[in-house]
Amino acid sequence: MVPKDEYRREPRFAPVQLNLTETLSEPQPDQQKISVFTTRIDTIYGVTSLLLAPEHPLVVQFSADNPELQKKVRELLEEQKIAREKGDLAALAKEGVATGRFATNPFTQEAVPIWVANYVLMDYGTGAVMSVPAHDERDFEFAKKFGLELKIVVLPRHANESEKGNAEPLLPYTHEDSLLINSGEFTGLGCQEAQQKMAAFAEQHGFGKPSTTYRLKDWGVSRQRYWGTPIPIIYCDKDGLVPVPEDQLPVLLPDSIAITQEGGSPLSRVPEFAQVTCPKCGGMARRETDTMDTFVDSSWYFYRYADPKNSRAPFDTDTVAYWFPIDQYIGGVEHAILHLIYSRFWTKMMRDLGLVKNDEPVEHLFTQGMVIKNGAKMSKSKGNVVSPDDMIAQYGADATRMYALFAAPPDRDLDWQEDGVAGISRFLSRVYRFAMQAMPRVIAGRSQSLPSTLNPLERQLMRKMHQTLRRLTQEFDGRWHFNTCIAAIMELVNELTADEKAIASGGVADSVLYAITRTLVLMLQAFAPYLAAELWSQMGEDIPLLHAPWPAYDEALAAEHVLEVPVQINGKLRAVVTVSAGSDSEVLRATADQDPKIQAALAGKEIVKVVLLPGKLVNFVVR
RNA sequence: GCCCGGAUGGCGAAAUCGGCAGACGCAGCGGACUUAAAAUCCGCAGGGAGCAAUCCCAUGGGGGUUCAAGUCCCCCUCCGGGCACCA
């Protein structure tokens with residue numbers, strides 16, 4: 001599948017150990033070490049403080065005999081917790097407190113103050129961060145607020161020569177296509193190179209080494225909701241967490257439930273659901289009343305489709321192995337992450353458990369556009385969904401379906417509007433009238449073989465038919481731009497109805513009329529299946545329309561014999577000339593030379609160059 | 001903030017590999033048929049200048065590459081979607 005970064009592989013330089021000093025004096029050999037985690041070791045000469053997460057173990061030690069600091073740290077932790085629960089950590093105002101301790105930067109041997117900050121997370125990296133205000137957004141904000149020092153150690157690579165050395169970049173300057181300054185022996189290196197060399201230096205001196213870290217996407221699956229899959233776990237005071245025995249699965253949601261405005265899980269207020277006996281000891285126990293995120297269901301439900309009647313298990317491994325992976329997934333861009341990631345994760349988990357044999361749920365992904373209504377995506381949660389029911393009632397399912405396909409290619413967003421469906425409806429009526437008019441001769445033509453030579457009208461119509469068929473065949477196999485398929489069918493029908501009188505008066509053999517009408521119906525079935533099925537049955541075909549094979553187009557019959565070639569002068573269209581297909585450059589040049597418009601336009605000009613593309617284009621470059 | 005899409009006539013769009021910008025349709029205008037209307041059929045239709053032939057301008061904006069750019073490169077604006085103190 002296409003989205004492939006559910007975890008990101010990032011080169012990291014971690015951990016770098018900064019020695020802790022009690023004072024600004026020389027570092028002592030027996031002092032403690034704090035591991036920090038960084039992706040920008042190249043900025044380490046710009047470190048002006050060291051930040052710890054409120055939960056960092058050393059914070060406890062630092063604040064042991066300092067109640068004031070303890071209180072402040074508790075506040076910082078609380079702020080962080082609330083922000084994380086709300087999911088808007090980014091909006092959290094940066095707060096922090098100095099511990100009064102100092103750490104020594106192993107690169108510079110400088111001592112920097114140690115702070116506790118509410119935006120440093122204990123569960124990422126090491127819970128300790130080197131703060132480089134000049135080259136990190138967050139540190140910049142923090143340092144400005146608390147008056148901490150800024151040290152510029154990276155300059156834009158493309159700064160003018162004259163500015164070099166004194167150009168102050170707009171702070172914080174975080175780009176990595178840059179050069180180091182004020183960085184000791186590393187000054188003058190590019191960021192990337194510096195990262196390699198400084199990591200090697202750290203490793204050599206035993207205070208750090210590069211590593212690769214994988215960042216997994218968080219997915220908290222439990223929800224305090226009624227709608228969701230029950231989590232089959234029972235809490236017993238005696239036995240702890242007890243899984244619901246397999247013969248009691250699946251746990252079903254209760255039917256009688258009051259959805260109130262109260263907070264908390266609605267299921268916890270349904271005693272007959274929540275109160276159970278422990279499967280182990282038979283004593284009073286409590287059922288888990290959170291349900292699972294609906295993403296859990298959407299992560300695997302499609303496996304059930306391969307084995308829908310299985311009453312023993314969700315699905316049988318071998319039955320599923322026959323069908324999976326799915327050949328083609330079609331979904332909206334808004335699914336490009338989340339659902340798609342989770343379903344891949346779920347498949348890999350089931351693979352590891354031996355439940356499925358495929359590594360990926362899906363082979364190919366087609367990302368369809370969203371339906372937009374009044375500038376926003378149409379979605380149930382936004383309540384701006386427009387039902388096609390009215391349109392179906394007025395124009396029928398065929399016209400509604402075809403209109404939706406005609407409005408835009410499927411990979412593009414579609415701003416839903418209803419003008420235009422009438423045109424499709426008119427088109428389908430026109431097809432029906434034409435076909436029914438021709439029907440007696442179409443039926444007669446069924447049993448006749450095609451004429452050995454086609455007359456000009458027959459040839460023209462057959463050419464158009466094969467061109468249309470070629471277009472559809474290629475689209476179905478490739479881009480899926482059904483809007484242009486429909487346009488192509490319209491062009492074919494336009495040509496047929498334009499020649500309707502000539503066709504009616506016998507200008508086209510019955511067998512040719514049959515061949516064209518039959519192909520038209522086959523092409524139409526993808527877009528207007530009901531009309532196509534009706535016409536097919538009128539034609540008295542032996543096999544059902546759905547079983548009829550897709551017809552093959554004939555490249556020779558589709559080929560144009562006369563080509564119109566644009567003639568340009570300095571790239572601007574000045575004439576169009578007609579040549580027979582297969583004409584070479586000389587013929588093309590001669591034809592263009594003879595065109596009166598071209599002769600007039602070239603008069604008195606010097607021809608510098610002539611671009612000749614046989615069958616495609618002539619361009620005179622003149623002075 | 002970061003990542004991914006997108007922007008072309010009054011509207012939906014087409015141009016698939018750098019080669020006639022606007023196919024096909026909607027809405028509109030003119031005409032035929034009709035007592036009249038509906039339906040249907042024919043024609044016109046990006047903007048500007050001109051009686052006309054014809055010419056100029058035009059694919060969100062600005063630069064560039066090229067004989068030739070909606071299409072390729074650089075910068076920017078706006079709209080949509082997703083993610084987001086992950087150091």
Side-chain angles (χ1 to χ4, degrees), chain A residues 2-3 5 8 10 12-14 36-40 43 51 80 83-84 87-94 117-121 123-132 135-139 141-142 174 213 215-218 332-338 367 369-370 372 375-377 403 406-409 411-424 426-427 429-430 433 471 474-475 478-479 481 483-491 493-494 497-498 500 564-576 597 600-601 608-611 613 616-622:
Chain A
V2 169
D5 58 352
R8 239 177 293 161
E10 300 177 23
R12 296 293 165 126
F13 304 98
V36 304
F37 181 78
T38 182
T39 53
R40 290 297 306 275
T43 63
L51 309 178
Q80 186 184 89
R84 291 186 92 167
D88 60 346
L89 207 52
L92 174 65
K94 288 179 179 44
N118 64 353
Y119 67 95
V120 178
L121 309 172
D123 52 15
Y124 190 81
T126 58
V129 172
M130 59 183 223
S131 177
V132 186
H135 305 296
D136 182 280
E137 303 266 358
R138 298 151 301 186
D139 296 342
E141 193 185 329
F142 187 74
T174 59
T213 53
R215 199 167 116 201
L216 282 171
K217 188 165 178 58
D218 288 349
V333 267
E334 76 274 28
H335 293 146
I337 37 86
L338 298 181
T367 311
M370 291 173 299
I372 306 288
K377 73 167 175 176
Y403 170 64
F406 184 61
D411 51 347
R412 190 200 269 243
D413 288 349
L414 172 66
D415 196 348
W416 187 254
Q417 41 183 274
E418 314 217 335
D419 317 339
V421 64
I424 296 291
R426 276 199 292 270
F427 169 72
S429 302
R430 215 145 54 87
R433 273 198 307 275
R471 184 101 180 253
Q474 287 167 352
E475 281 295 347
R479 301 189 307 171
H481 280 199
N483 56 330
T484 58
C485 293
I486 293 169
I489 297 174
M490 286 173 167
E491 286 187 47
V493 172
N494 286 349
T497 52
E500 201 163 5
E564 292 196 330
V565 177
V567 183
Q568 301 176 335
I569 292 175
N570 288 341
K572 289 194 175 170
L573 182 71
R574 285 295 178 264
V576 176
K597 284 183 201 164
V608 180
K609 182 178 177 180
V610 183
V611 181
L613 297 176
K616 292 206 121 178
L617 173 114
V618 181
N619 188 16
F620 292 97
V621 184
V622 301

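Predicted model, so just to flag it, every value in this text is computed and none were measured. The chains referred to below are lettered A, B, ... by the order of the sequence lines, with proteins before strands, and numbering in each begins at 1.
You'll find the side chain of A:V622 reaches within 4.5 Å of the side chain of A:I569, heavy atoms only. Within the 4.5 Å cutoff, no side-chain heavy atoms of A:F620 are placed close to those of A:Q568. Side-chain contact check for A:E475 versus A:T484: some heavy-atom pair is nearer than 4.5 Å. Side-chain contact between A:I424 and A:M490 is present, with at least one heavy-atom pair separated by less than 4.5 Å. Using a 4.5 Å heavy-atom threshold, the side chains of A:L414 and A:M370 count as separate. Considering only heavy atoms from C-beta on, A:Y403 stays 4.5 Å or farther from A:E418 through its side chain.
Classification of B:rG64 as anti follows from a glycosidic angle more than 90° from 0. Glycosidic conformation of B:rC42: anti, with the torsion beyond 90° of 0.
As rounded to the nearest Å, B:rG81 and B:rU71 have P atoms that lie 27 Å from one another. The gap from the P atom of B:rC24 to that of B:rC44 amounts to 12 Å, rounded to the nearest Å. B:rU16 sits 15 Å from B:rG6 when the P atoms are compared, rounded to a whole Å. The gap from the P atom of B:rG63 to that of B:rA52 amounts to 34 Å, rounded to the nearest Å. Rounded to a whole angstrom, the distance from the C1' atom of B:rG30 to that of B:rC20 is 28 Å. As rounded to the nearest Å, B:rA45 and B:rG19 have C1' atoms that lie 26 Å from one another. Distance check on atom C1': B:rG64 versus B:rG1 gives 30 Å, rounded to whole Å. Nucleotides B:rG48 and B:rU34 are separated by 40 Å at their C1' atoms, to the nearest Å.
B:rC86 atom P lies 13 Å from atom CG of A:L51, rounded to whole Å. The distance from atom CG of A:D139 to atom P of B:rG1 is 18 Å, rounded to the nearest whole Å. Whole-Å rounding puts the A:N570 CG to B:rG19 P distance at 19 Å. Atoms CG (A:L617) and P (B:rA21) sit 10 Å apart, rounded to a whole Å. Between A:M130 atom CE and B:rC86 atom P the separation is 15 Å, expressed in whole Å. The NZ atom of A:K616 sits 19 Å away from the P atom of B:rC67 (whole-angstrom rounding). Rounding to whole angstrom units, CG of residue A:L121 and C1' of B:rA84 are separated by 12 Å. Atom CG of A:L414 and atom P of B:rG80 are 17 Å apart (whole Å).
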Open item on the list: The test is side chain to side chain donor-acceptor pair (under 3.5 Å); show your working for A:D139 and A:Y119 and say whether it passes.
Closed with: CA-CA 10 Å; A:D139 296 342; A:Y119 67 95; 2.8 Å; yes

Task: A:V129/A:F37 under side chain to side chain contact (heavy atoms under 4.5 Å, CB included): CA gap, chis, key distance, verdict - done: CA-CA 6 Å; A:V129 172; A:F37 181 78; over 6 Å; no

- [ ] Please test A:N118 against A:L92 for side chain to side chain contact (heavy atoms under 4.5 Å, CB included), starting from the C-alpha separation and ending with a verdict.
- [x] CA-CA 8 Å; A:N118 64 353; A:L92 174 65; 3.6 Å; yes

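Side chain of A:R433, nearest nucleotide from B:rC57, B:rU40, B:rC11: B:rU40. Looking at the side chain of A:T484, the nearest of the listed nucleotides B:rG19, B:rA14, B:rC11 is B:rA14. Picking from B:rA23, B:rG12, B:rG80 the nucleotide with the shortest atom distance to the side chain of A:Q417 gives B:rG12. Among the nucleotides B:rC56, B:rG19, B:rA23, the one closest to any side-chain atom of A:N619 is B:rG19. Proximity note for A:F406 (side chain, C-beta onward) versus B:rG25, B:rG80, B:rA13: the nearest is B:rG25. Here B:rU16 is the nucleotide among B:rC67, B:rC41, B:rU16 with the atom lying nearest to any side-chain atom of A:R479. Of the candidate nucleotides B:rA14, B:rG81, B:rG25, B:rG25 has the atom nearest to the side chain of A:M490.
A donor and an acceptor atom never sit less than 3.5 Å apart when one is taken from the side chain of A:R574 and the other from the base of B:rU54.
Rounding to the nearest 0.5 Å gives a distance of 6.0 Å between CG of A:L617 and CG of A:N619. Between atom CG of residue A:D136 and atom CE of residue A:M130 there is a gap of 9.0 Å, rounded to the nearest 0.5 Å.
The side chain of A:R426 places no N or O atom within less than 4.0 Å of a non-bridging phosphate oxygen (OP1 or OP2) of B:rG25. Dashed line: the shortest gap from a side-chain N or O of A:R412 to OP1 or OP2 of B:rG80 is not under 4.0 Å. Checking the phosphate oxygens (OP1, OP2) of B:rU54, a side-chain nitrogen or oxygen of A:K597 falls inside 4.0 Å. Dashed line: the shortest gap from a side-chain N or O of A:R138 to OP1 or OP2 of B:rG1 is not under 4.0 Å. Residue A:N483 has a polar side-chain atom (N or O) positioned under 4.0 Å from OP1 or OP2 of B:rA14.
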Task: Dot-bracket encoding per residue of RNA chain B, Watson-Crick/G-U cut-off under 3.5 Å, | denoting interstrand - done: (((((((..(((......[....))).(((((.......))))).((((....))))..(((((..]....))))))))))))....

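Within the 4.0 angstrom heavy-atom criterion, base atoms lie near A:K94. Among the atoms of the strands shown, base atoms are found under 4.0 Å from some heavy atom of A:E564. Using a 4.0 Å heavy-atom distance criterion, A:V120 is classed as a base contact. Using a 4.0 Å heavy-atom cutoff across all strands shown, A:N494 reaches sugar-phosphate atoms only and no base atom. Using a 4.0 Å heavy-atom criterion, one finds that A:E137 contacts no nucleic acid atom at all. At the heavy-atom level, A:D419 lies under 4.0 Å from the strands shown only through sugar-phosphate atoms.
Projected onto RNA chain B by closest heavy-atom contact, A:K609 and A:H481 fall at different nucleotides, the more 5' of which corresponds to A:H481. Annotation: of the two residues near RNA chain B, A:I486 and A:G127, the 5′-most nearest-nucleotide partner is A:I486.
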